[in-house]
Amino acid sequence: MVTPETLRPIRYASVDDEPQAHVALRALLAAHPDFTDAGRYASKASAVAGLARHPVAVLFLDFDLAGSTGFELLAGLDDVPVTVLITAHANYAVEAFERGVRDYLLKPVSADRLALCLDRLRSLLVDRATPRTPKALAFFCGRGHRLVPPDDIFAIDAEGNFCSLLTAKELILVSESMKALESRLALFGFVRIHKCHMVNRRHVVAFDAHEVTLTGGIHRPIGRLYRDAEF
């Protein structure tokens, strides 16, 4: 039997243009601590950008969004989470399941119906190790976001209040701190090895107590406090 104790925390986000809908959903989810809130969005644009930066395992999605629909949002995602449609309309169910939606909840959602939905999601997600690595991750670069495939990044180096992403083709300066990047990239194979350096495990070819060697003969030092890093 799948129980909350058998699962790692399940990251979820919700998309709804009604603020009260987010409040109501989170009140119901408070009874299920194995599901952890990782974002709430009010529009297609904010959801696409936010989910690129902060991927989740489960998406609770309203159908009616200002100027758009939930189906249009799903079509705009490169990496689609397990999706539950929450709507006041019963007539979209067939198309929803044809589009891969896993469950269909009618508003107002009851605690019992949500509990049944979550049990189904736990069974679906029980064998996962980590969220799937998306095709690209979004990084803030001053005036906008830059999409970079995670496999292209060899190392990330602190540059004062900024960080640089080292790829085979270029060095990309991003307006994010090392601490913030470490927090969101750990799920995708990146490991902190120094107060100023993080590396992509996929590109580690050798290491000792003092240094990591990456693809292409690139070297980064291992800080004393990070010598227990797992490669």
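Given the structure is predicted, the values throughout are model-derived calculations rather than measurements.
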For this session: Could you pull out the closest heavy-atom pair between F188 and P55, with the gap in Å?
Result: CZ-CG, 3.4 Å
For this session: Locate the shortest heavy-atom distance separating L73 from A47; write the atom from each residue and the value.
Result: CD1-CB, 3.5 Å
Problem set entry | Polar side-chain atom of D37 near backbone of G39 as donor-acceptor pair, under 3.5 Å | yes
For this session: Would you please test L25 and I86 for side-chain contact (heavy atoms from CB on, under 4.5 Å) and show each step?
Result: CA-CA 10 Å; L25 178 62; I86 302 179; 4.2 Å; yes
Exercise. Does D34 pair with R122 as a salt bridge, N-O distance under 4.0 Å?
Worked result: yes
For this session: May I ask you to decide if V191's main-chain N or O and E182's side chain share a donor-acceptor pair within less than 3.5 Å?
Result: no
Exercise. Going through the checks in order, is the side-chain contact (heavy atoms from CB on, under 4.5 Å) test met by F60 and V84?
Worked result: CA-CA 5 Å; F60 293 99; V84 176; 3.8 Å; yes
Problem set entry | I153 vs L166 side-chain heavy atoms within contact, under 4.5 Å | no
For this session: Look only at the side chain of R220 and the backbone of A155, and say whether a donor-acceptor pair between them is shorter than 3.5 Å.
Result: no
Exercise. Does a sphere of radius 6.0 Å around CZ in R102 hold more than 12 heavy atoms from other residues, nucleotides or ligands, not counting ones at 6.0 Å or beyond?
Worked result: no
Problem set entry | ILVMFWY cluster, V94 and F63 together (side-chain gap under 4.5 Å) | no
Exercise. Mind checking whether F139 and L147 have side chains closer than 4.5 Å, heavy atoms only?
Worked result: no
For this session: Drop me the distance from H197's NE2 to C163's SG, to the nearest 0.5 angstrom.
Result: 10.5 Å
Exercise. Can you find a heavy atom in the side chain of F162 that is under 4.5 Å from one in the side chain of L173?
Worked result: yes
Problem set entry | Side-chain heavy-atom pair P221, H194 within 4.5 angstrom cut-off | yes
Exercise. Are any side-chain N or O atoms of D17 and backbone N or O atoms of A66, one a donor and one an acceptor, separated by less than 3.5 Å?
Worked result: yes
Problem set entry | Worked verdict on K107 versus T87 for side-chain contact (heavy atoms from CB on, under 4.5 Å) | CA-CA 6 Å; K107 293 180 178 180; T87 178; 5.8 Å; no
Problem set entry | Within one Ile-Leu-Val-Met-Phe-Trp-Tyr cluster: F97 and Y92, side-chain cutoff 4.5 Å | yes
Exercise. Does the gap between the ring centers of H32 and F35 come in under 6.0 Å?
Worked result: no
Exercise. In Å, rounded to the nearest 0.5 Å, how long is the span from CD1 of I10 to OG1 of T36?
Worked result: 10.5 Å
Problem set entry | Side-chain touch L29/Y12, heavy atoms, less than 4.5 angstrom | yes
Exercise. So do the side chains of V212 and H219 get within less than 4.5 Å of each other, counting heavy atoms only?
Worked result: no
Exercise. Out of L74, L59, L61, V80, which residue meets the side-chain contact (heavy atoms from CB on, under 4.5 Å) rule with V101?
Worked result: L74
Exercise. With no hydrogens and no angle check, is any side-chain donor or acceptor of R11 less than 3.5 Å from a backbone partner on A57?
Worked result: no
For this session: Examine L116 and Y104 and state if one hydrophobic cluster contains both, with Ile, Leu, Val, Met, Phe, Trp and Tyr joined whenever side-chain heavy atoms are less than 4.5 Å apart.
Result: no
Exercise. Do the non-hydrogen side-chain atoms of V174 and I172 ever get within less than 4.5 Å of each other?
Worked result: yes
Problem set entry | Presence of salt bridge, K135 and D79, under 4.0 angstrom | no
For this session: Please answer whether the main-chain N or O of S43 pairs with a side-chain N or O of S46 as donor and acceptor at a distance below 3.5 Å.
Result: yes
Seminar exercise, completed: Residues at least two apart in sequence or cross-chain that pass side-chain hydrogen bond (donor to acceptor under 3.5 Å, both in side chains) with E72, listed by chain then number, are S68
For this session: Starting at CG of L181, measure out to CZ of F140 and round the result to the nearest 0.5 Å.
Result: 12.5 Å
Problem set entry | Atom pair CG (L137) and NE2 (H54), whose distance is rounded to the nearest 0.5 Å | 11.0 Å
Problem set entry | Whether R184 side chain and R53 backbone form a donor-acceptor pair below 3.5 Å | yes
For this session: State the CG-CG distance between D78 and L51, to the nearest 0.5 angstrom.
Result: 11.0 Å
Problem set entry | D16-H22 side chain donor-acceptor pair, cut-off 3.5 Å | no
Problem set entry | D152: partners by side-chain hydrogen bond (donor to acceptor under 3.5 Å, both in side chains), with sequence neighbours left out | none
Exercise. Linking I/L/V/M/F/W/Y whenever their side-chain heavy atoms sit closer than 4.5 Å, directly or via other members, would V205 and V199 fall into one cluster?
Worked result: no
Exercise. Without hydrogens or angle criteria, can the side chains of H203 and D151 be said to hold a donor-acceptor pair below 3.5 Å?
Worked result: no
Exercise. Transitively linked via ILVMFWY side-chain contacts under 4.5 Å: V15 with V23?
Worked result: no
For this session: Step through the shown structure and confirm whether more than 12 heavy atoms of other residues, nucleotides or ligands are within 6.0 Å of CG on N91.
Result: yes
Seminar exercise, completed: CG (L118) and CG (D103) are apart, to the nearest 0.5 Å, by 9.0 Å
Problem set entry | salt bridge (Lys or Arg N to Asp or Glu O under 4.0 Å) assessment of R146 paired with E170 | CA-CA 13 Å; R146 174 81 179 271; E170 60 182 324; 2.5 Å; yes
For this session: Tell me, please, whether F71 has R99 positioned over its six-membered ring: NZ or CZ under 6.0 Å from the ring centre and within 45 degrees of its axis?
Result: yes
Exercise. Taking Y226 for the side chain and M198 for the main chain, is one N or O donor matched with an acceptor at less than 3.5 Å?
Worked result: no
For this session: For the pair S14 and R26, evaluate side chain to side chain donor-acceptor pair (under 3.5 Å) and give the outcome as yes or no after the intermediate values.
Result: CA-CA 9 Å; S14 60; R26 273 154 183 76; 2.8 Å; yes
Exercise. What's the verdict on side-chain contact (heavy atoms from CB on, under 4.5 Å) for F207 and T213, showing C-alpha distance, side-chain angles and the deciding distance?
Worked result: CA-CA 6 Å; F207 65 92; T213 302; over 6 Å; no
Exercise. Can you tell if the side chain of K195 reaches within under 4.5 Å of the side chain of M178, non-hydrogen atoms only?
Worked result: no
For this session: Determine the minimum heavy-atom distance between L105 and C117, stating which atoms define it.
Result: CD2-CB, 4.2 Å
